[in-house]
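Before any comments, here is the structure.
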Amino acid sequence: MARSLGLLLLRICVGSVLIHHGYDKLADIQGFAESVVKPLHLPFPVLLSYVAAYSEIVGSWLMIFGLGARLGGLAVVGTISVAIYHSIVVTGGFNIYALELLILYFGGSACVALLGAGRFSLDFLIIRAIGMSSSPLKAFVMRRPQLDELEELVGIPVTTSDKY
């Protein structure tokens, strides 16, 4: 329960303070493309600026509501990774004061991407409603394969006799 509560607080905090960065990008997409994306020598700077803005906006909302939270966290991690690279390479080196907020966004989003949204999320409600386990690995392990499925998987007939 404490883990899920911690994930809820993390999702709300990171998502709610990051979301405005995406809206700021959309407010002046051309300016963002010129000042941030072009110096990275990436193709299609305006298109990539839209990708960055919507990754932050949609990813933040997904994390806040816990609906596809892992995907939202991954989208934010990707965008923030480019921002960290820009901060180090383009703006002149490793400046912890310029990087600290980016590192916090990266860490929080990476935690959500790796751990999921927890019990206080729409993901959990949907998974529970359809009767799946909250962990794909646990669902695979809990479902015992039939003998013929094992034979098909390994390509060798499995016998139950003790002859070797």
Side-chain angles (χ1 to χ4, degrees), residues 1-140:
M1 185 68 95
R3 178 178 178 251
S4 292
L5 184 59
L7 285 168
L8 173 67
L9 291 172
L10 180 68
R11 290 183 358 244
I12 291 172
C13 290
V14 170
S16 61
V17 296
L18 176 65
I19 199 165
H20 79 88
H21 291 287
Y23 287 119
D24 286 347
K25 286 175 183 60
L26 285 181
D28 184 17
I29 203 74
Q30 193 65 42
F32 179 77
E34 290 291 325
S35 64
V36 176
V37 181
K38 259 192 173 176
L40 293 173
H41 306 291
L42 294 172
F44 312 111
V46 174
L47 175 65
L48 291 178
S49 297
Y50 277 111
V51 169
Y54 284 111
S55 292
E56 289 176 357
I57 294 168
V58 175
S60 292
W61 281 117
L62 291 175
M63 285 195 306
I64 290 168
F65 288 114
L67 178 64
R70 289 180 192 255
L71 183 62
L74 192 60
V76 171
V77 163
T79 302
I80 297 300
S81 297
V82 175
I84 290 171
Y85 176 80
H86 178 272
S87 181
I88 292 171
V89 173
V90 175
T91 59
F94 189 87
N95 178 353
I96 192 63
Y97 298 108
L99 289 172
E100 63 186 355
L101 186 61
L102 294 172
I103 291 169
L104 288 171
Y105 287 146
F106 180 89
S109 300
C111 285
V112 173
L114 293 171
L115 297 174
R119 292 179 178 266
F120 303 118
S121 66
L122 293 176
D123 283 347
F124 182 78
L125 293 175
I126 291 169
I127 287 170
R128 189 171 218 177
I130 61 175
M132 281 181 53
S133 169
S134 59
S135 166
L137 181 61
K138 188 187 284 184
F140 177 77

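All figures in this text were calculated on a predicted structure; none of them were measured in a lab. Along the sequence shown, residues are numbered consecutively beginning with 1.
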Going by side chain to side chain donor-acceptor pair (under 3.5 Å), name the residues that satisfy it together with H21, two or more places apart in sequence or in a different chain.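 Residues passing side chain to side chain donor-acceptor pair (under 3.5 Å) with H21: Y105.
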Partners passing side chain to side chain donor-acceptor pair (under 3.5 Å) against Y23 (at least two apart in sequence or in another chain): W61
Would you please test L10 and L115 for side-chain contact (heavy atoms from CB on, under 4.5 Å) and show each step? CA-CA 11 Å; L10 180 68; L115 297 174; over 6 Å; no
Gap separating the [atom1] atom of [X] from the [atom2] atom of [Y], nearest 0.5 angstrom:
X: D28; Y: Q30; atom1: CG; atom2: CD; answer: 8.0 Å
X: C13; Y: I64; atom1: SG; atom2: CD1; answer: 10.0 Å
X: L114; Y: S109; atom1: CG; atom2: OG; answer: 10.5 Å

Side chains of [X] and [Y], heavy atoms from C-beta outward: is any pair under 4.5 Å?
X: V112; Y: V14; value: no
X: L26; Y: F32; value: no
X: R70; Y: D123; value: no
X: V17; Y: L101; value: no

Using side chain to side chain contact (heavy atoms under 4.5 Å, CB included) as the criterion, list what pairs up with [X], not counting sequence neighbours.
X: A33; result: P45, V46, S49
X: A75; result: S55
X: L48; result: V37, L42

Residue pair L8 / F120: nearest heavy atoms and the distance that separates them: CD1-O, 3.8 Å
Mind listing the closest non-hydrogen atom pair of G118 and S121 along with its distance? O-OG, 2.8 Å
Indicate every side-chain donor-acceptor pair of residues 85-100 with a distance under 3.5 Å to a residue at least two apart or in another chain.
| unit_1 | atom_1 | unit_2 | atom_2 | d |
| --- | --- | --- | --- | --- |
| T91 | OG1 | S87 | O | 2.4 |
| N95 | OD1 | Y97 | N | 3.0 |

Indicate yes or no for a side-chain donor-acceptor contact from R11 to the backbone of A117 under 3.5 Å, with no hydrogens or angles considered. yes
